Amino acid sequence: MQKKKKRKGVGEDEACVTVSPSASVGDGRKPARRSAQTALAISKNCSFMCFCFSSGIMDTRQQSKIIYSWYGKPTNSDRKLRTLQYKGILIKSERSRKERCIQLGDFVLVEGENADQPFVAQLLDLYEDGAEQKHAVVQWFSHISEIPKNKQKLLKRRISSQEVFFDKVSGYDTDIAVETIIDSVLVIPLRLKDELPTRLKKEKIFCVKQSWDGKCFKALSPHTFSKLNEANRKEDGIPNSFNSFVPSDIISSAKKETKKAGLSATKTKNVEMEIESKHSASKSSLSKKRHSLRVANGIKNPTARKKLELNSPTRSPKSKLLEQEDIWALLDDDCDSQLLKPTAIKRKVKFTEVLSSPPKITCANDKLKSVFGTAEDQEVLSGTLRLSPYRKLEDSNEKVKSLNMEVDAIVLTGHKELGSQSPAVTPRSRRTCTQETSTRIAEQISLLNMLESKEEEDFLSSSDGSYSSSSEEEDSDVSCTPEKKTKPSRMFSTPKSSRKPSVHTPAKTPKKTPLPGTPRTPRNATPEIPRRSHAAQKPTSVLEEARLRLHVSAVPESLPCREEEFQDIYNFVESKLIDGTGGCMYISGVPGTGKTATVHEVIRCLQRATEDDDLPSFQFIEINGMKLTDPHQAYVQILELLTGQKVTATHAAVLLANLFCTPGPKRKTTVLVVDELDLLWTRKQNVMYNLFDWPTQKHSKLIILAIANTMDLPERIMMNRVSSRLGLTRMSFQPYTYKQLQQIISSRLNSVKAFEEDAIQLVSRKVAALSGDARRCLDICRRAAEICEFSSQKSADEIVRMTHITQAIDEMFSSPYIQAIRNASLHEQIFFKAILAEFRRVGVEEATVQQVYRQHIALCRMEGMQSPTVSDILAICARLGACRLLLLESSSKYLHMRVRLNISQDDVMYALKDD
Amino acid sequence: MELRGEGSGGVGRAGKARRGRSREAGGQAARALLGIEREGRARARRRRLTASPQIESSAMNKRKLKESSGTDGECISQVQKMLRERLCHHRAMGKLFGIDQQYKHLLELLKQTTVCGESNSALIIGPRGSGKTALLNRVLKDLREMKQVKENLLEVHLNGLLQTNDKVALKEITRQLHLENVVGDKVFGSFAENLAFLLEALRKGNRTSSCPVLFVLDEFDLFVHHKNQTLLYNLFDISQSAQTPVTVIGLTCRQDILELLEKRVKSRFSHRRIYLMNSFAFKQYIRIFKEQLSLPAEFPDKAFAQKWNSNIQLLTEDKTVQDILQNLFHYSKDLRSLNFLLMLAVSNVTVRHPLITASDLQEASKQYRMDSKANIVHGLSVLEICLIIAMKHLNDVYEGEPFNFQMVYNEFQKFIQRKAHCMYNFEKPVVMKAFEHLLQLELVKPIERPSVRSQREYLLMELLLDNNQIMDALQAYPNCPTDVKQWAASSLSWL
């Protein structure tokens, strides 16, 4: 026993030694592990950093790896699931030879989808599964920027950038890969009224005041509050009443060193942040670094996925509810032999700690997962759960334990069943399952809440000693005395003064600006067209009403005649959403066949479905090739719509590739509509290639709906590698038939009786024969309504008849050429005749002005008219050329300018003959 | 106003064919006075040089006459002012003739936009000088007088000749919408940002609450050539979707404009076309002539106005005047050419010559329809005329095949040898000099670019004059030797 203890002591001592040098050097080295882009930004700013960077750049290549190793021995193992639990993890950067130890209960930053915004979470459990993958179970905290804009309004107060919300949203996967953990942070629970102490304002600390469950904000329950506080107390270094065998000086020195290391890391980050980007929060730079690092190394780490995975058969088991194993007990005995308490108490301690700490969702999820295959299991479970609130007053360890065991058993059986069942589940049934689960999750969360809060109270009052011992055991390294804290903070501020030239925001504030765009750009200001001073007039007559309804911009309640297409697209997107995978769909059709409208309708329906919790929520973005000035701007727009960042096209491409190619937790599926796809064509086709490549990435969760006019676009203009990625999910919108057009008009008019039935049919048939363009159809109708209104100002209730329609159609489709020739002046007409004569004479459909001029004079003589001068002829020629009735060469050739007709000779003849 | 008129109309529309003609007409002092800037700047400069003494003299005349007959002089200057304004600024405030239908259509369209917030798009198509801009200006003027509309309409005027690409156009739109005030001076970032910015601005609005925006695209056909037709697509797309109500009005003279639109742009365009065709008969033309010259009832000197108007009435019934107008009408139906003719006539009105006469109009018509190239021939030397005649014979013999200086010189030598008694035999360099002068006057044109290697004598040329023009010019040429005339009539006359 004694020996073991000693060994541990030595181990910690070693840690101190290894850490201390890195603490002094580490700040300089850190930025070396960044992408070239940020390096550029650095070099601009201060010489100090330049030096650091150059010193670090040499060993960037070899030593950029970060090693994650377990702290201590496995505390607990599950034989069935072959998992080993640990109480802490060492994060060791190979290059800086610096180690950080993060233990259960600590708050950590987790790499997010967006390099600028890592997630905040509390570490609840650490385990290694059978495949030697290191996992962590966390309780998420949401930053304000992760909360939907419309829900942010519910808060009705200003949210400081340091505030996070205790996340109770059920959709997130709490099981993450350890490799995604970046660093530890502090999260302080506060009452709603409280302000963050000013001394902490500038620290890299978060505070939590409320919880967020995806629907509304609630104040922290007293239980969570105390729980968080407790976790915090350990971190904050407020002296706990613990006594341990480990010599206190060693511990404190270790603490000091780790703290220092942590803080120096923060400092480095701050320096970086200051230099690198004005708008990113301090915590972001680290994660950014890791992002770029990952890209540079091409490493695909198994990253945390926050999303709830409903159907994965190989789900890693949750270990927090498992029974303790002997090893763990032994180890415990090792560490603090003074506390020779019965293991039962220990277990109890462990249990409550785990159970009472935030991850109710995880528990619920877990149970549900197991439950949702078998009904009996569910009954058993709910039975147990219902049981517990009644019994909890007794506070008997055995009972709690038995509950624990029972739940555990359910988990296991459920898990097995699930494995056998899930492959057969169809998308449809999945959806219903989701619904079921979500409701169950809700009810069980509430049950568990009650249960936990009670038990928590009991425990705090009854077993003080055991509690403190366990806390000591868990967090001995991190605790830190106040005066030690001041020292690093002083160190922290000194380099800052040397960084005078930089003019950016103070480095210390871990402030996250709500808009990550650069603040200097006025482009972020939202422009607006001034409002009108008089209210728009309401339609007064039936015809006006009809005209408004027939306007293309009027959004109909439903899209008639596109039901099939709608259903196909809907099913496609829905299935991908449920699977949480990506995919492409290519939609083609001539203009005005309702492609974009249908897609928008689908998105609207899907959004409605997600609001009703039928579907996992998704992010919808849309780009239009015609609204881009350059194909590469597509990246910029997508990135801006996704994250709000504004960067250059090349940088945006890199960031997007990161985003879609590396798995990130908490990320929703993205539905991207690319309208006018053909305009994204570039010579190398890299924009299209990337767009269609991302959905094929494993973790991209990107669904692309590409819209273009031509059906054979993939074959015609795309390279093979691009069209292959686009896949074969295609759909083409046929031009509307006359019946469909008829239906569209009638459905738009709805009950407004403004058109004759025959009139509608006439329009539909005419348009269907021409193009099948619904826009044209509506425009004709609108014009006809106008004509009708115009012609019948006396008699109020006129309806649109065939004649009006014919008139509108004539107006829109008649060829202007004949009319233009008929209305030309006499000499212009003679000039046409001369041209025809000359063409006939030469036999070629081209002549010089000189030739035509001679013909013209001859014609004039025949008619007995004054013949025009050459200048007159050239003026006539220029006039007709401007109208494009003639095609002319450049006029510098004067008489030798060649002339051609822009219309057929027959048309000219026809136009001239009628006179 | 004047400047704007020149920007869009003067440069683009005056037309190259008219250029030559105005060169001669340019000598007139009165025209310089009237500020006919539409005729290209270079010519105006030249004209001013020649005209300045005459301006002084006419001004002096006026001053002298003012002393003798003060009231009459005042009347004349008022008439001049009024009529010049009417004839020059026709596009800004002129009356509309024979396009009531189109006027109503456009007015109704814009009313819908401003009053109901309906988005629309339309094209006004018509040949040059048919009154497209005048129509639009008139409609806008009438609209602005309506109380309901006045504060409810934002106007953006673009011109294809000024906004040569979408980037410039976007900046101009932002400026005209006063959006740059919202964001300080840094709004003009990259093209992409600008586009996003503007689209964002327009997307935010909706039909009922946003102020409608009217986009007027003059020389619409030039916007069609912008890359991808991005601007047109976006404008039409906004007009077809539920965003800020916009109305896009394009003005163009090209009849094939719809074929130039890309298919998706075309689909978004509402296909509303307003045609201006100059579709009036000669009777209407005469009436327009009368209305354009008549003084209004509110003219201060009633007696003079009555006298003037009755004179105009007499003129319209005059046979020669009708012939002049008929000729012009046959030549071109657009009102701009009529205004031009009247301007020339009106500028002849002085105190001593207070009323327009038929001969004034005849003179103006002569000036207006002069052949520019033939006029240059009048000012040539005999040697140069001879060279032109030689070229004419070469053209006749070789059926319009190009020639070079040596051939012309040989032809000229043949003539000289025959008629040595009446023509001085010029040396070759002198003839060369004369030939080069013709080259500078662009009566002859090299068919290929002069290169370093080829000798000037053997550079291939072609004559830019028609036989008719040469013969006409020779008829009018003062003191032409009879031998030369004979030679011109027949290439064989020297035999």
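Residue numbers begin at 1 in each chain, while the letters A, B, ... track the order of the sequences. Keep in mind that this is a model prediction, so the values were computed, not measured.
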> Looking at B:Tyr331, is A:Arg879 sitting on its ring face, NZ or CZ under 6.0 Å from the six-membered ring centre and within 45 degrees of the normal?
yes

> Under a 3.5 Å threshold, yes or no: a donor from one side chain and an acceptor from the other, between B:Asp334 and B:Ser332?
yes

> Report which part of A:Gln637 has an atom under 4.5 Å of a heavy atom belonging to chain B: side chain, backbone, both, or neither.
side chain

> Under 6.0 Å from the ring centre and within 45 degrees of the ring axis: does the NZ or CZ of A:Lys627 meet both conditions for the six-membered ring of B:Tyr233?
no

> Identify which part of B:Asp472 has an atom lying under 4.5 Å from any heavy atom of chain A, answering side chain, backbone, both or neither.
neither

> Using the six-membered ring wherever Trp is involved, compare the ring planes of A:His856 and A:Phe831 and label them parallel, tilted or perpendicular (cut-offs 30° and 60°).
tilted

> With chain A as the partner, which of B:Met277, B:Lys445, B:Lys227 has the greatest number of non-hydrogen pairs under 4.5 Å?
B:Met277

> Side chain, backbone, both or neither: which part of A:Leu679 has a non-hydrogen atom closer than 4.5 Å to chain B?
side chain

> Heavy-atom pairs under 4.5 Å with chain B: which of A:Leu548, A:Leu628, A:Asp630 has the most?
A:Leu548

> Could you look at A:Ile857 and say if it's the side chain, the backbone, both or neither that has a heavy atom under 4.5 Å from chain B?
side chain

> What part of B:Asp237 lies closer than 4.5 angstrom to a heavy atom of chain A: side chain, backbone, both or neither?
side chain

> For residues B:His330 and B:Gln326, is any side-chain donor paired with an opposing acceptor at under 3.5 Å?
yes

> Against chain B, label A:Asn823 side chain, backbone, both or neither, depending on which of its atoms sit under 4.5 Å from a heavy atom there.
both

> Out of A:Met812, A:His827, A:Arg775, A:Glu828, return the one with the most heavy atom pairs under 4.5 angstrom to chain B.
A:Arg775

> Taking side chain as everything from C-beta outward and backbone as N, CA, C, O, which of these in A:Gln633 sits under 4.5 Å from a heavy atom of chain B? Side chain, backbone, both or neither.
side chain

> Any donor-acceptor pair under 3.5 Å linking the side-chain atoms of B:Asn234 with those of B:Arg268?
no

> Given that the side chain runs from C-beta out, which part of B:Gln469 has a heavy atom under 4.5 Å from chain A: side chain, backbone, both or neither?
side chain

> Let me know if A:Glu786 has heavy atoms under 4.5 Å from chain B in its side chain, its backbone, both or neither.
side chain

> Can you confirm if the aromatic rings of B:His271 and B:Phe269 lie within a centre distance of less than 6.0 Å?
yes

> For the NZ atom on A:Lys766, are there more than 12 heavy atoms of other groups (residues, nucleotides or ligands in this structure) within a distance under 6.0 Å?
no

> What part of A:Ala824 lies closer than 4.5 angstrom to a heavy atom of chain B: side chain, backbone, both or neither?
backbone

> Examine whether an atom of B:Phe329 lies under 4.5 Å from a heavy atom of chain A, and if so say whether it belongs to the side chain, the backbone or both; otherwise answer neither.
backbone

> May I ask you to name which of B:Gln240, B:Arg203, B:Lys263 has the most heavy-atom pairs under 4.5 Å with chain A?
B:Gln240

> With respect to chain B, which residue among A:Ala820, A:Ala554, A:Cys877, A:Pro868 yields the maximal number of heavy-atom pairs within a distance under 4.5 Å?
A:Ala820

